[in-house]
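One structure below.
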Amino acid sequence: MLVNARLSLPKKLRFSLRSILLIMMLTLLLLPLATLYFFRIYENELVRQTELELIAQGASLAASYRQMMRLTHPKVADYGYVLSYSPLIAGQRRSYMRDEVIDPYYTPITPELDLVKPVYAPRPDPIATPQVADAYARKAGALLIPVIQNTQQVMLAGIRILDMKGIVVAGKDDLGMSLAHIPEVSQALKGHYASLIRQRVSDEPPPPLYSLSRGTHIRVFAAFPIIEGNRLQGVVYLSRTPKNILKHLYLVQDKLYLATGILLSVAVLLVLFLSSSLSRPIRELIRQTQQVAQGELPYVQPLKNPVTYELAQLSDSFASMSQALAERSDYIRRFASHVSHEFKTPLTSMQGALELLNEHIDTMPPERRQRFLDNLLSDTQRLKNLVSRLLELARADALEPSKQTSQLPELLRAMTNRYHERGLELEILDLPALPLAIAPDALESVLGNLFDNSLHHGASVVRLTARVGAERLWLSLQDNGQGISPANRERIFTPFFTTRRNEGGTGLGLEIVASLLKAYNASISLGSAESGAEFILELALAT
């Protein structure tokens, strides 16, 4: 059968329908999440880039401040607070990684801000202080004010120079005010670089589109200590708002277009994958069913590449159902042809006899009249037998298999005495006592039909032998009757074929046997015995 051949082929890699839908949903979910993740990563990089720029500016301004001190202070080596430890003092940076090599000359500072970390409140206001900044610090700051102003025009950063006490000595505003109470400044006064992300206070509300970016509401603050030798001379305090991500994306719009194209391509590929894995097989099944309905195909064929397990099962089910319907339709057509032929012959004979009797009954000799009446009775009996066997065949075709099991030795013991009285001996040769997946009444009907068939063909003995396989049992029934001629071997299982038509045979016995066995996943075939007739039953073992 086509379906069995299809199922015996090695299965290709298939997904379940649930897996495909899960992949689709997860992918559709991950696309926006991936976009947001990219958005946050990119924005975080802008913050770190801003901090890196502030570090570079702080290092340059700290170097300029130290140079000013060298030029203005007569004893600069003794100026400032002595630091017991600072990672910015050459050779004092501690290693927390085994493989890190400490260079006594370089003291790099890496950006450490991250948008995942908490965002602090806006920078506290400077406070007035009775202390006065150191005179040398004020002089160095005054010299740096033009440098700071020129730098701010390009870098757009807020810059203040604080002395060793945290008092502003250079900057656009807050001269003479103290910033020592601010946490990042306090850390820098101890010789440690410090940076924070604080909320940004703006006089103008941002455009609605910019509200998508977190970077529009924050400002990066960095406090860079000014260290000469092992002495703290002051602090460079810087701040700047990171670049707005939307503005920055506009500047790299070519890359943005590329990323958008990739996302659209992924979406198109998902649609094509869904169409290939689901829509195409379903359309193919619909096309085949329409062709079957229009008579262009005899039955639905299994899909070549169903992709999913569910569609493969649906395809095989459609093919099995379609083939079963086609076989049933062909069977009904052939069966109706045979039935009409079998009924037509006796009916025609009866009609002819009745017409002759009707016309010549008064002049017909008694012996001839009796012959016609005997023929009418014989044809009536044949029609009665045909109807009875057809009803029996209909019940066999419509049989719903039960879950009952049978034992051959037990069943045959009950049938041996019955057929012994009718002149048929059953020779049972070591039949296994294994449960068979067929109801006892169905198996008894099958064996009874075969034993009756042997009796009608002159048999006096039927020998029963069995061969057992892993899941099947083959039962051989060989009689010593007239046997089957080579010309009739091909027609023996054809409905209504019989060599006993004159004796009332209907030719439906083997058809009934085959229908009963088919209901229980069993079959019958003709054996190759040289004498008598041999039939082989293939029965399923009960699990």
Side-chain angles (χ1 to χ4, degrees), residues 328 331 335 338-339 342 384-428 431-457 459 461-466 472-479 481 484 492-500 503-527 532-542:
R328 176 59 62 179
Y331 170 78
F335 191 78
H338 288 307
V339 167
E342 292 295 322
K384 181 180 178 181
N385 291 339
L386 277 172
V387 170
S388 177
R389 295 296 269 178
L390 285 173
L391 290 174
E392 193 175 345
L393 178 61
R395 285 193 294 269
D397 283 338
L399 178 66
E400 288 292 335
S402 67
K403 295 184 178 180
Q404 291 179 290
T405 60
S406 302
Q407 294 278 355
L408 263 178
E410 180 180 326
L411 183 65
L412 288 172
R413 276 196 297 270
M415 300 181 71
T416 299
N417 295 331
R418 187 193 320 160
Y419 280 93
H420 174 73
E421 295 174 358
R422 296 175 59 183
L424 185 67
E425 299 293 334
L426 304 182
E427 290 187 3
I428 303 173
L431 296 183
L434 297 175
L436 301 175
I438 182 172
D441 56 344
L443 183 57
E444 183 177 1
S445 178
V446 167
L447 295 175
N449 273 283
L450 293 176
F451 294 155
D452 290 341
N453 192 56
S454 296
L455 276 173
H456 293 152
H457 288 83
V461 176
V462 176
R463 177 177 295 178
L464 293 93
T465 58
R472 315 287 284 182
L473 180 141
W474 288 267
L475 177 65
S476 171
L477 296 88
Q478 183 178 354
D479 62 29
I484 303 170
I492 193 69
F493 291 106
T494 302
F496 301 103
F497 173 76
T498 179
T499 58
R500 299 178 47 255
E503 301 173 16
T506 60
L508 291 175
L510 291 179
E511 184 70 15
I512 293 171
V513 168
S515 294
L516 287 172
L517 291 174
K518 185 178 180 181
Y520 287 94
N521 191 26
S523 63
I524 182 173
S525 60
L526 191 60
E534 181 187 13
F535 291 95
I536 299 175
L537 304 182
E538 182 182 346
L539 305 169
L541 295 176

Fill in: Heavy-atom side-chain contact between Pro435 and Gln407 under 4.5 Å
yes
Discussion item. When you compare the side chain of Asn521 with that of Ile438, does any pair of heavy atoms fall below 4.5 Å?
Written reply: no
Worksheet, complete the sentence: Heavy-atom nearest pair, Ala466 first then Pro432, reads CB-CD, 3.8 Å
Item to complete: Identify the two heavy atoms, one from Ala540 and one from Arg472, that lie closest to each other, and give their separation to 0.1 Å.
Response: CB-NH1, 3.3 Å
Worksheet item: Side-chain contact, heavy-atom cut-off 4.5 Å: Phe535 with Val446?
Response: no
Worksheet item: Does atom CZ of Arg463 have more than 12 heavy-atom neighbours from other groups under 6.0 Å away?
Response: no
Discussion item. Take a 6.0 Å sphere around CD of Glu410 and say whether it holds more than 12 heavy atoms from other residues, nucleotides or ligands.
Written reply: no
Practice prompt. Determine, step by step, whether Tyr520 and Leu443 satisfy the side-chain contact (heavy atoms from CB on, under 4.5 Å) criterion, reporting the C-alpha distance in whole Å, the side-chain angles of both residues, the deciding distance to 0.1 Å, and the verdict.
Written response: CA-CA 10 Å; Tyr520 287 94; Leu443 183 57; over 6 Å; no
Response to the item:
So CD of Glu427 and CG of Leu477: to nearest 0.5 Å the spacing works out to 12.0 Å
Item to complete: With the side chain counted from C-beta on, respond yes when Leu424 and Asp452 share a heavy-atom pair under 4.5 Å apart, and no when they do not.
Response: no
Worksheet, complete the sentence: Hits for side-chain contact (heavy atoms from CB on, under 4.5 Å) against Ala414, two or more places apart or cross-chain, chain-then-number order -> none
Worksheet entry | Under 3.5 Å: donor-acceptor pair, side chain of Asp479, backbone of Gly532 | no
Item to complete: Could you tell me the separation between the CG atom of Leu526 and the CD atom of Glu534, rounded to the nearest 0.5 Å?
Response: 8.0 Å
Worksheet item: Between the side chain of Ser445 and the main-chain N/O of Asp441, is any donor-acceptor distance below 3.5 Å?
Response: no
Worksheet item: Does Leu431 reach the side chain of Leu475, with side-chain heavy atoms less than 4.5 Å apart?
Response: yes
Practice prompt. Check Leu447 against Met415 and note the closest heavy-atom contact, atom names and distance.
Written response: CB-CE, 4.0 Å
Discussion item. Under the criterion side-chain contact (heavy atoms from CB on, under 4.5 Å), I'd like the reasoning laid out for Leu517 against Leu539: C-alpha separation, chi angles, the key distance, then a yes or no.
Written reply: CA-CA 8 Å; Leu517 291 174; Leu539 305 169; 3.8 Å; yes
Item to complete: Determine whether Leu450 and Ile524 make a side-chain contact, defined as any pair of heavy atoms from C-beta on separated by less than 4.5 Å.
Response: yes
Fill in: Ser525: partners by side-chain contact (heavy atoms from CB on, under 4.5 Å), with sequence neighbours left out
Ile536
Practice prompt. Test Leu436 against every option in Leu411, Leu473, Leu537 by the side chain to side chain contact (heavy atoms under 4.5 Å, CB included) rule and name the one that passes.
Written response: Leu473
Worksheet item: What do the steps show when you test Leu408 against Ile428 for side-chain contact (heavy atoms from CB on, under 4.5 Å), and what is the final call?
Response: CA-CA 10 Å; Leu408 263 178; Ile428 303 173; over 6 Å; no
